[in-house]
Amino acid sequence: MFGSDEQRIALAEGYVAILATTGIERGLIGPREVPRLWGRHVLGSAVIEELIPEKADVLDVGSGGGLPGIPLAIARPDLLVTLVEPMQRRVDFLREVVDELDLVNVEVLRARAEEVDPQGRADVVVSRAVAPLGRLAGLCLPLARVGGVMMAVKGQSAGEEIERDAREIKRAGGGPASISVCGEGKLAEPVFTVPATVVSIERVR
Ligand SMILES: C[S@@+](CC[C@H](N)C(=O)[O-])C[C@H]1O[C@@H](n2cnc3c(N)ncnc32)[C@H](O)[C@@H]1O
């Protein structure tokens, strides 16, 4: 298990190293993203941990190269994080990362969100850069238990998307949406897009 800060930092460094090499060779991350791997991608994903209750069962929908799920699992060994990703090439990469870093609290599931069985199980469903908020609510809310929450990492469009997609969110069983800014004051100097803006919506029915 990775209980100490030193162990978690070493794992995060290991993940950044894999993204910067294999991740780029296999097209999971663009070469121009290398300078932003730590700030925008890894820290910007890890900071959402502050919204997640202890020992939560978390799904990361459309995980791609493991964002935000892998940084989240490294930051919070108490969570069980399932990375949900339909593309085989990406699933292979995710399984290699999990094996290489020995992330015992991460599972990888090859599936589209709509195919996950059973639905309605997770405490928290996270996502980043998968779909506009309304469509995302249709994918993520059915995966959460009633009383569970979807959390979407969004940029400055968060407020606009909530207003624009209110009907779709409600139709998908969502309650009122709230916006949180995560990671404020966590870093000595602000890095790229940390703090991260997250939209949270509880499944109410
Ligand atoms: C732009 S990538 C973002 C990847 C990662 N979340 C990130 O922030 O780097 C979108 C990902 O969502 C996945 N995806 C698209 N539709 C999906 C669905 N219905 N269910 C699950 N994943 C889906 C794609 O295969 C792709 O890996």
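Whatever order the structure lists ligands and atoms in, that order sets their numbers, starting from 1.
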Using a plain distance cutoff, I'd like to know if R135 has any nitrogen or oxygen under 3.5 Å from a nitrogen or oxygen of ligand 1. no
What do you reckon, does L67 have a nitrogen or oxygen under 3.5 Å from a nitrogen or oxygen of ligand 1? yes
May I ask you to say whether E202 pairs ionically with R145, meaning some side-chain N is under 4.0 Å from a carboxylate O? no
Please determine whether side chain to side chain contact (heavy atoms under 4.5 Å, CB included) holds for the pair L103 and Y15, giving the CA-CA distance in whole Å, both sets of side-chain angles, and the decisive distance to 0.1 Å. CA-CA 11 Å; L103 298 174; Y15 178 49; over 6 Å; no
Nearest non-hydrogen protein atom to atom 20 (N) of ligand 1, with distance, is A113 N, 2.8 Å
Starting from the C-alpha separation in whole Å, work towards a yes-or-no answer on side chain to side chain contact (heavy atoms under 4.5 Å, CB included) for L79 and K55. CA-CA 5 Å; L79 304 177; K55 296 189 176 158; over 6 Å; no
Please report the shortest heavy-atom distance between R76 and E54, naming the atom on each side. NH2-CA, 3.5 Å
Could you tell me, atom by atom, which parts of ligand 1 come under 4.0 Å of a heavy atom of E114? 18 (C), 19 (N), 20 (N)
Does G65 have a heavy atom less than 4.0 Å from any atom of ligand 1? no
Looking at M87, H41, R112, E85, the heavy atom closest to atom 25 (O) of ligand 1 belongs to E85
Atom 8 (O) of ligand 1 - nearest protein heavy atom and its distance: R128 NE, 2.6 Å
Mind checking whether P68 has an N or O less than 3.5 Å away from an N or O of ligand 1? no
So, are R89 and D92 salt-bridged, with charged N and O less than 4.0 Å apart? no
Check this for me: does any side-chain nitrogen of one of E168 and R171 sit under 4.0 Å from a carboxylate oxygen of the other? no
Among protein heavy atoms, which sits nearest to atom 1 (C) of ligand 1, and what does the distance come to when rounded to 0.1 Å? A129 O, 3.1 Å
Please write down residue, atom name and distance for the protein heavy atom closest to atom 15 (C) of ligand 1. V130 CG1, 4.4 Å
Can you confirm, on distance only, whether ligand 1 has an N/O atom lying under 3.5 Å from any N/O atom belonging to P86? no
Can E25 and T22 be said to form a side-chain hydrogen bond (donor to acceptor under 3.5 Å, both in side chains), step by step? CA-CA 5 Å; E25 281 155 32; T22 320; 4.8 Å; no
Backbone N/O of L133 and side chain of E161: donor-acceptor pair under 3.5 Å: yes
What protein heavy atom is closest to atom 26 (C) of ligand 1, reported as residue, atom name and distance in Å? R90 NH1, 2.9 Å
When you measure from atom 4 (C) of ligand 1 to every protein heavy atom, which one gives the shortest distance, and what is it? G62 O, 3.4 Å
Can you tell which part of A131 has a heavy atom less than 4.0 Å from ligand 1: side chain, backbone, both or neither? neither
Path from V108 to L72 over hydrophobic side-chain contacts below 4.5 Å: yes
